[in-house]
Amino acid sequence: MPSRAAAAARPSRFSDRTPVRIATWNINGVKARQESLTRWLEEAAPDIVCLQEIKSQDEQFPAEPIERLGYNVATHGQKGFNGVALLSKRPLEDVTIRLDGDEADEHARWIEATVSTETGAVRVVSLYLPNGNPIDTPKFPYKLSWMDRMLARAEALLATDEPIILAGDYNVIPEPIDARHPDRWVDDALFQPESRNRHRALVNLGYIDAQRAVSAADGIYTFWDYQAGAWQKNNGIRIDHVMLSPVAADRLVTVDVHKHTRGWEKPSDHVPVVVALDV
DNA sequence: ATGCCGTTTCGTAAACGA
């Protein structure tokens with residue numbers, strides 16, 4: 001009676017509701033990836049999607065084909081690069097953009113919204129953390145100050161009762177096991193102690209790395225460079241993360257990396273990460 | 001290794017990414 005055994009093994013804290021599935025995906029250009037995005041939305045059917053690097057202004061964002069699949073759309077774009085978006089089958093409420101702490105920062109890297117569920121509501125953030133390379137240029141201190149601003153916002157969000165989901169391209173390799181060849185990243189902004197320490201500070205605030213809550217395995221990657229046959233050699237890194245507040249982590253059911261999309265024609269260099277929450 | 005590849009832009013070379 002394997003099915004009965006599986007049902008009995010299900011932790012009792014989970015309900016019989018269908019979990020809410022929340023995804024993050026750096027699509028590296030929403031217009032270039034329009035077909036892939038539609039295909040993936042149809043096959044994966046996530047409830048909420050956090051997109052990064054849409055590389056599109058709000059007016060140019062191809063919302064219609066996405067809305068036709070039943071999604072509401074909120075974007076925070078800019079011309080040429082950066083840009084984040086939220087897609088949700090349920091309405092996106094109280095949408096806010098930008099990260100507090102630097103009025104002069106014009107980069108489109110942060111969008112928040114509340115989505116109501118059967119039992120309450122969740123606050124979801126789609127974030128695109130600065131790359132920071134090369135580290136001997138102003139780009140690296142910009143990354144670090146941006147992370148300090150993120151930590152302040154993350155802490156403020158914990159004061160609410162709602163489960164918080166901070167999902168996106170963090171451009172941080174948290175640990176050596178998150179890279180196929182960690183030695184090759186020692187001079188890179190993604191693997192600097194200052195970057196990793198700030199990511200750990202997010203954990204110390206109480207946020208849980210959803211992937212690490214379900215698996216301690218190495219070899220779990222979300223990005224493979226277009227160059228030098230990185231995908232063919234499985235030379236990957238794990239830099240796309242879903243960070244959950246304690247209340248959200250208590251409801252975590254599964255985490256899946258949709259690695260197969262990296263093998264599609266004209267792929268993004270990142271793949272989606274999908275978490276299921278019983279909320 | 002100032003390289004590799006891919007997207008975008010007042011474009012056909014340069015900026016940006018990781």
Side-chain angles (χ1 to χ4, degrees), chain A residues 24-40 50-62 75-85 105-110 126-144 146-147 150 167-196 198-199 211 219-241 257 259 261-273:
Chain A
T24 180
W25 192 13
N26 178 323
I27 50 171
N28 188 18
V30 69
K31 293 187 280 284
R33 220 68 62 209
Q34 199 169 332
E35 267 188 50
S36 299
L37 177 58
T38 304
R39 176 180 175 185
W40 175 75
C50 304
L51 296 176
Q52 302 87 37
E53 280 209 271
I54 62 173
K55 296 188 176 180
S56 169
Q57 295 176 102
D58 295 334
E59 315 81 67
Q60 264 76 56
F61 189 92
T75 65
H76 176 36
Q78 68 180 104
K79 187 188 295 254
F81 68 122
N82 300 329
V84 288
D105 183 3
E106 295 298 330
H107 287 201
R109 299 180 176 274
W110 188 275
S126 177
L127 67 96
Y128 177 45
L129 207 149
N131 172 305
N133 281 306
I135 58 175
D136 59 351
T137 69
K139 293 186 176 192
F140 188 54
Y142 170 64
K143 174 181 193 148
L144 299 181
W146 198 96
M147 292 187 83
M150 174 184 75
D169 176 359
Y170 279 73
N171 271 317
V172 175
I173 302 167
E175 300 292 339
I177 61 164
D178 296 311
R180 176 69 182 273
H181 299 292
D183 53 301
R184 298 182 191 176
W185 295 93
V186 293
D187 294 323
D188 195 284
L190 279 60
F191 199 48
Q192 291 307 294
E194 295 91 335
S195 310
R196 295 173 60 194
R198 281 166 177 78
H199 183 268
Q211 181 65 77
I220 303 171
Y221 309 131
T222 65
F223 169 90
W224 295 260
D225 202 296
Y226 289 121
Q227 304 182 64
W231 168 244
Q232 289 75 10
K233 298 175 194 165
N234 193 27
N235 176 14
I237 50 177
R238 192 177 72 91
I239 56 174
D240 299 272
H241 308 302
V257 178
K259 185 175 179 177
T261 62
R262 187 62 178 80
W264 285 356
E265 195 176 336
K266 214 166 173 277
S268 170
D269 39 7
H270 298 249
V271 300
V273 180

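The chains referred to below are lettered A, B, ... by the order of the sequence lines, with proteins before strands, and numbering in each begins at 1. Note that these values count all heavy atoms, side chains included, but never hydrogens, waters or copies made by symmetry.
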How does each nucleotide of nucleotides 9-18 of chain B score, in 5' to 3' order, for protein heavy atoms under 4.0 Å: base (B), sugar-phosphate only (S), or none (-)? SS-----SSB

A:Trp224 has an atom CH2; how far is it from atom P of B:dG6, in whole Å?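 After rounding, the reported distance stands at 16 Å.
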
A:His181: which residues meet the ring-ring contact (aromatic ring centres under 6.0 Å, His included) condition with it, sequence neighbours left out?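 Expected list: none.
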
Taking only residues two or more places apart in sequence, or in another chain, which ones meet A:Tyr170 in a ring-ring contact (aromatic ring centres under 6.0 Å, His included)?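 Counting only residues at least two positions away or on another chain, A:Tyr170 forms a ring-ring contact (aromatic ring centres under 6.0 Å, His included) with A:His199, A:His241.
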
Is there a donor-acceptor contact under 3.5 Å linking the side chains of A:Trp224 and A:Asn234?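 Indeed, the side chains of A:Trp224 and A:Asn234 share at least one donor-acceptor pair under 3.5 Å.
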
Any side-chain donor near an acceptor of the partner, A:Thr75 and A:Asp58, under 3.5 Å: yes

With sequence neighbours excluded, what pairs up with A:Glu175 under the salt bridge (charged side-chain N to carboxylate O under 4.0 Å, His left out) test? A:Arg196, A:Arg200

Give A:Arg33 one of three labels, base, sugar-phosphate or nothing, depending on what nucleic acid heavy atoms sit under 4.0 Å from its own. sugar-phosphate

Reckon A:Ala228 touches a base, only the sugar-phosphate, or nothing at all at heavy-atom distances under 4.0 Å? base

Given a 3.5 Å cut-off on both pairing distances, which stems involving DNA chain B, each at least three consecutive Watson-Crick or G-U pairs, are present, if any? B:5-9 with B:13-17

Distance check, [atom1] atoms only: [N] and [M], in whole angstrom units.
| N | M | atom1 | value |
| --- | --- | --- | --- |
| B:dT12 | B:dT7 | C1' | 15 Å |
| B:dC16 | B:dA1 | P | 24 Å |
| B:dC10 | B:dG6 | P | 23 Å |
| B:dA18 | B:dA13 | P | 25 Å |

Looking at A:His107, is its backbone amide N or carbonyl O close enough to the side chain of A:Asn82 to form a donor-acceptor pair, meaning the two atoms are under 3.5 Å apart? no

Residue A:Gln57 excluded, over 12 heavy atoms near CD under 6.0 Å: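 Counting other residues, nucleotides and ligands, CD of A:Gln57 exceeds 12 neighbours.
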
Which salt bridge (Lys or Arg N to Asp or Glu O under 4.0 Å) pairs, counting each pair once, include a residue from residues 176-186 of chain A, with sequence neighbours left out? A:Asp178-A:Arg212, A:Asp178-A:Arg238

